[in-house]
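This one's a predicted model, so the numbers in the text were calculated from it and none came from an experiment.
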Amino acid sequence: MKQYAVIGLGRFGSSVARTLSDLGHEVLAIDIDEERVQQVEGFVTHAVQADATDESAMMSLGIRNVDVAIVSIGENLEASILATLILKDLGVRYVACKATSELHGKVLERVGADRVVYPERDMGVRVAHNLVSSSLIDYIELSPDYSIAEIVARPEFAGKTLRELNLRAKYDYAINIIAIRSGDAVRISPRADDKIHENDILVVMGSNEAIKKLQP
Ligand code: ATP
């Protein structure tokens, strides 16, 4: 069990806090707004009203002892940057921050953020991919050229084994099927003689080009 601090309890922060709690971790949730604090009280270990830009307040909360702190203040750039700086100065080992723009992210990295996430931008990319292709269910970018995608299998794949389809060779070895989902059942690392059924969902990892070609 690890100790986490979540600072800023908007939609993103409270979702992170709730998930960490559900996963069995200790969570210290902090917000400057008392109402936001009350909203998470029921599901985190400690919920405290405090200003994350007040170094002595952060110190007295014992924040330096947490394993990971998540700064999820988006709108107020100054508060987000100062809070990150203070957490690193106080010695928090790993600080992850939510950024609302590339520039905001760059500044957070400069003041010591160990990880910067861009939830709005990343979700926008995923939703756009899903809108463009109705067969593409989800999409995670690994690098500018490679991704993991969930794709509805082409109708002509039904009844064929992976060996028969020979997709890797067909797509210049730029694609790998890492799982096949049939309803609620998932076959992880499928074998060559695993068969694809109608409406199966393929979880594939590969080049963006190959993933695009694989969609019906
Ligand atoms: P989300 O998109 O995640 O819902 P939001 O738009 O509701 O975020 P943000 O401006 O990103 O709100 O701020 C998230 C939370 O951070 C708010 O609940 C706000 O009260 C809190 N917050 C802002 N400044 C501070 C601060 N100095 N110390 C602690 N919490 C703060």
Side-chain angles (χ1 to χ4, degrees), residues 1-2 4 6 10-25 27 39-40 42-44 68 70 72 74 96-102 105 115-216:
M1 187 175 68
K2 275 191 173 178
Y4 291 85
V6 179
R11 287 158 296 186
F12 181 77
S14 51
S15 164
V16 170
R18 183 183 281 272
T19 307
L20 289 169
S21 285
D22 288 348
L23 291 170
H25 297 289
V27 178
Q39 280 165 2
V40 305
F43 58 82
V44 298
V68 179
I70 299 105
S72 47
C97 304
K98 162 182 135 163
T100 49
S101 69
E102 299 278 339
R115 180 160 175 209
V116 178
V117 294
Y118 302 85
E120 277 97 357
R121 182 198 70 183
D122 293 351
M123 192 44 91
V125 171
R126 287 166 79 173
V127 170
H129 274 91
N130 177 262
L131 291 173
V132 166
S133 163
S134 58
S135 63
L136 193 140
I137 295 163
D138 206 353
Y139 174 92
I140 301 169
E141 197 181 83
L142 295 175
S143 75
D145 300 324
Y146 293 91
S147 308
I148 294 178
E150 279 192 326
I151 305 170
V152 181
R154 285 170 178 259
E156 63 265 29
F157 290 178
K160 298 211 171 79
T161 64
L162 293 183
R163 185 179 288 111
E164 284 163 344
L165 288 170
N166 201 12
L167 296 176
R168 292 194 63 210
K170 242 177 239 164
Y171 294 100
D172 296 330
Y173 295 93
I175 203 124
N176 249 312
I177 298 188
I178 53 179
I180 302 172
R181 199 144 59 88
S182 311
D184 286 339
V186 182
R187 279 169 286 165
I188 306 282
S189 293
R191 293 161 192 272
D193 50 5
D194 269 330
K195 217 177 239 182
I196 292 179
H197 305 100
E198 208 181 331
N199 296 325
D200 271 1
I201 290 159
L202 309 179
V203 184
V204 301
M205 182 166 69
S207 73
N208 293 339
E209 210 177 314
I211 288 175
K212 202 168 162 191
K213 282 188 196 149
L214 197 64
Q215 293 165 48

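Atom NZ of Lys2 has 12 or fewer neighbouring heavy atoms from other residues, nucleotides or ligands inside a 6.0 Å radius. The neighbour count for Arg121 CZ, taken as heavy atoms of other residues, nucleotides or ligands under 6.0 Å away, is above 12. Taking a 6.0 Å sphere around OH of Tyr146, one finds it holds 12 or fewer heavy atoms contributed by other residues, nucleotides or ligands.
Taking all atoms of both residues into account, the shortest heavy-atom contact from Ser72 to Gly13 is OG-CA, 3.2 Å. Counting all heavy atoms, side chain and backbone alike, Asp194 lies closest to Pro190 at OD2-CA, 3.3 Å. Pro119 approaches Ala99 most closely through the heavy-atom pair CD-O, 4.2 Å. Minimum interatomic distance between Ser14 and Val40 (heavy atoms only, all atoms of both residues): CB-CG1, 3.9 Å. Closest non-hydrogen pair, Ala153 versus Ile196, comes out as CB-CG2, 3.8 Å. Nearest heavy atom pair, residue Ser101 against residue Tyr118, reads O-CE2, 3.4 Å.
With values rounded to the nearest 0.5 angstrom, Ile178 atom CD1 is found 10.0 Å from Ile175 atom CD1. The CD atom of Glu164 lies 3.5 Å from the OG1 atom of Thr161; values are rounded to the nearest 0.5 Å. Rounded to the nearest 0.5 Å, atoms CG (Leu136) and CG (Leu131) are 10.5 Å apart. Here the OH atom belonging to Tyr171 is positioned 14.0 Å from the CG atom belonging to Asn176, to the nearest 0.5 angstrom. Expressed to the nearest 0.5 Å, how far CD1 of Ile180 lies from CZ of Phe157 amounts to 11.0 Å.
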Intermediate values then yes/no, salt bridge (charged side-chain N to carboxylate O under 4.0 Å, His left out), Arg126 and Asp138: CA-CA 7 Å; Arg126 287 166 79 173; Asp138 206 353; 2.8 Å; yes

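Ring orientation note: the planes of His25 and Tyr4 are nearly perpendicular, at an angle over 60° on the 30°/60° scale.
Within the 4.5 Å cutoff, side-chain heavy atoms of Glu120 are placed close to those of Lys98. Residues Val132 and His129 are not in side-chain contact: their nearest non-hydrogen atoms beyond the backbone lie 4.5 Å or more apart. Within the 4.5 Å cutoff, the side chain of Leu162 has no heavy atoms near those of the Arg191 side chain. For the pair Val186 and Arg181, the minimum side-chain heavy-atom distance is below 4.5 Å.
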May I have the list of side-chain donor-acceptor pairs in residues 197-216 shorter than 3.5 Å, sequence neighbours left out?
residue	atom	partner	partner atom	Å
Asp200	OD1	Ser182	OG	2.9
Asp200	OD2	Ser182	OG	3.3
Asp200	OD2	Arg187	NH2	3.4
Asp200	OD2	His197	N	2.8
Ser207	OG	Ala210	N	3.0
Asn208	OD1	Ser147	OG	2.5
Asn208	ND2	Pro144	O	2.9
Gln215	OE1	Ser133	OG	2.7
Gln215	NE2	Ile211	O	3.2

